[in-house]
Amino acid sequence: MKILLSLIAAALLLVTSGSARAGQTFDAVKKRGAVVCGVHTGLGGFGAPDQKGNWAGLDVDVCRAVAAAMFGDSEKVKYVPLSAQQRLTALQSGEIDMLSRNTTWTLTREAANGLLFTATNFFDGQGFLVAKKLGVKAATELNGATVCVQTGTTTELNLSDFARANKLDIKPVTIENFEEAASAFVAGRCDAMTSDKSQLAAIRANQTPNPDDYVILPELISKEPLSTAVRQGDDQWFNLVKWSFYAMVEAEERGVTSANVDAMTKSPDPNIQRLLGASGDMGKGLGVDNKWAYVIIKQVGNYGESFERNVGKASKLKLERGLNALWNKGGLMYAMPIR
Amino acid sequence: MAAPLPLSGGLLSRPLAWSRRHLFNSPTNAVMTVVVLWLLWATIPPVVDWALLKAVWVGDPAACRAAGGACWAFVGQKYRLILFGIYPYEEQWRPLLAIVLFIVLMLVSAHPASWRRWLFWLWLSGLALVALLMWGGVAGLPFVANDRWGGLPLTLVLSTSGIVLSFPLAVLLALGRRSRLPAVRAASIAYIELWRGVPLVSVLFMASIMFPLFLPEGVTIDKLLRAQLGIILFTAAYVAEAVRGGLQAIPRGQAEAAEALGLGYWQKTRLIILPQALRLVIPPLVGQFITTFKDTSLVIIIGLYDLLSSTKVALSDPQWRGFYVEGYIAAAGIYFLFTFSMSRYSQYLERRLNRGRI
């Protein structure tokens, strides 16, 4: 009994006081000296520990950008891997400060779950992957086709909505695990595979014997704006997370990269001067140092660099920019003016 | 002169006679034999072909895809991630040492000669040493926060702490359930039935998702600790029932004799009843340990990197996509190694314990 009591006492000692729930997340993060960031348990290119246990990915870079803006050091992040079921509660309960984990921005999540989405760092949508020899050119030609789909996801619901709306007789082959669904498709168990387009591109590039024998159909049957979220109730924190990401997009638009950022501080362009803290008080307005965006770009890179490194041409996923190109290059990435 | 050849005829006819007697002694058996032989023929060669002949042992993903066999190169490339999760790479000798320590502890406690009181203290100090190794922060070891623990050490920590720390609670519950005091008995029954009535998944879910919402603002309890407490409280209910089985097997005369000697309740229980009862329940305890060991893989739903989840992380690498069969076989192999030796050990124990009582 004594042992049990001392164990309970030891357990209570381990109770740590975490971030404050109401209001001052910003101050709590500052006091703690690290951003607690909720990430995926393992999704290559977006958020996954590498061979040596270091976190990398497009979502992870948002965490690093916020830490860079806050502390001048992108390494001051504590990563909390979360399952799909846990992620919203973890943010609501204050276990994490921000959620950057392939999460779709929806009305319910803001209206009912007490979250606020800051900005979308990846625009995705559900599509179809088919073998070229099938001769299908559009998703509406999939009448009578068998389609491999992961169970228990919105993907499955979107597929049946799409079939009903277009009066198509689609036979879903539901498989519980995403990797197994992909392998089943590659092995020829279904005519088509449906999932988020970025995932389909990854399957096509890495899992098919010859990627040129497969094609992703042009239609998107759903919108998946994958975004970063914070808890409601601390506007200063909300602002910092939002603008940390916008700084990365703005940097790409202005041609500022991690390589040339030092030279760019002497740029005569007032937009770049404001971004890099050479003039104006942009950082002070957010409650951080005026060099905040300079540090983000120096340590994490601009959005384009982050994209190419994690999911683009330089990575194994080899995704096209597509919707994630800058607004003036045909995409949707549009940073609000930093001024 | 040609010698008769009964010998060769005998050699030839003996397997034939044997198979006629055992495999083809009735039409049904003959059909079954043929079907089973065909099944073996249809399954074994492709598996051997895939797992051994066409397998790639060293190489890159392209070589694996070209070969079409098992890609053991994936396991070779990722074994440290599978075994140790996201524990800092340079410090991974520490979890390795922790695994060795666990195995030594298990081997020591396996021998009946060490079933003494010191074993309990050995386990407590062993677990403390493991904690010291894993956390560090003293004696020049860099501190590693427990959110970076993972792989096999995490599985072992969760399961062994689950068994060892639930044990005292379980003994109290088992005694409580047989108590003459109605309140104690009712509380014990309620606890045991409540925890046995819910699945472990829901316990973990409550611990990791619902529980933080009930806490006062600004207070969070470590995720690993929440899961560990959940496993301990859950296991205690099962171990309590095993212990109660042991208590019931002790003849009434033992307690009466102890009372006749003037021993009080606690003296009687501690000196006479429990030492006999606990020896009896070691086989079911080993069984419970196997269950707990495998059940810890459920922590995957709360984002802890135990052996199975770290295997999944290894599989999420886009470069090595699609080799999940190899990854899962490797993880299953490690689980099997542990559970099979425990199960063999349990059989050995039963034989040994029964031998003394005939």
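Within every chain, numbering begins at 1; the chains are lettered A, B, ... in the order of the sequence lines, protein sequences first and strands thereafter. Just so it is clear, the values below take in all heavy atoms, side chains as well, and ignore hydrogens, waters and symmetry mates. Note that this is a predicted model, so its numbers are computed, not measured.
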Spacing of OH belonging to B:Tyr324 relative to CD1 belonging to B:Ile329, to within rounding of 0.5 Å
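Rounded to the nearest 0.5 Å, the OH-CD1 separation comes to 11.0 Å.
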Can you run down the salt bridge (Lys or Arg N to Asp or Glu O under 4.0 Å) pairs that involve residues 203-216 of chain A, sequence neighbours left out, and say none if there aren't any?
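Pairs touching residues 203-216 of chain A that pass the test: none.
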Residues of residues 181-188 of chain A near chain B, each having a heavy atom less than 4.5 Å away:
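Residues A:Ser183 are the ones that qualify, each having a heavy atom under 4.5 Å from chain B.
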Would you mind writing out the side-chain donor-acceptor pairs for residues 314-322 of chain A within the sub-3.5 Å range, not counting sequence neighbours?
unit_1, atom_1, unit_2, atom_2, d
A:Ser315, OG, A:Asn310, O, 3.4
A:Ser315, OG, A:Val311, O, 3.2
A:Ser315, OG, A:Gly312, N, 3.3
A:Ser315, OG, A:Gly312, O, 2.8
A:Ser315, OG, A:Leu317, N, 3.2
A:Lys318, NZ, A:Ser315, O, 3.0
A:Arg321, NE, A:Asn324, O, 3.1
A:Arg321, NH1, A:Glu252, OE2, 3.0
A:Arg321, NH2, A:Glu252, OE1, 3.0
A:Arg321, NH2, A:Glu252, OE2, 3.3
A:Arg321, NH2, A:Asn324, O, 3.0

So, B:Phe167 versus B:Phe120, ring centres under 6.0 angstrom or not?
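Ring centroids of B:Phe167 and B:Phe120 are no less than 6.0 Å from each other.
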In terms of ring plane angle, is the pair A:Trp237 and A:Phe26 parallel, tilted or perpendicular, where the classes change at 30° and 60°?
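Taking A:Phe26 first and then A:Trp237, their aromatic rings stand perpendicular (interplane angle over 60°).
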Pick from A:Thr25, A:Ile96, A:Val29, A:Val77: which one makes a side-chain contact (heavy atoms from CB on, under 4.5 Å) with A:Val36?
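So the option named by the test is A:Ile96.
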If you look only at distance, which donor and acceptor atoms sit under 3.5 Å apart when one is on a side chain in residues 299-307 of chain B and the other is two or more places apart or in another chain?
unit_1, atom_1, unit_2, atom_2, d
B:Tyr305, OH, A:Thr41, O, 2.6
B:Asp306, OD1, B:Ser309, N, 3.1
B:Asp306, OD1, B:Ser309, OG, 2.4
B:Asp306, OD2, B:Tyr335, OH, 3.4

Heavy-atom contact with chain A under 4.5 Å, split by part of [X]:
X: B:Tyr328; result: side chain
X: B:Phe205; result: side chain
X: B:Gln92; result: neither

Are side-chain N/O atoms of A:Glu224 and A:Thr104 paired as donor and acceptor at under 3.5 Å?
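Judged by distance alone, the side chains do pair up.
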Chain A contacts, top residue of B:Arg226, B:Arg80, B:Lys312, B:Glu90 (heavy-atom pairs, under 4.5 Å):
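Heavy-atom pair counts peak at B:Arg226.
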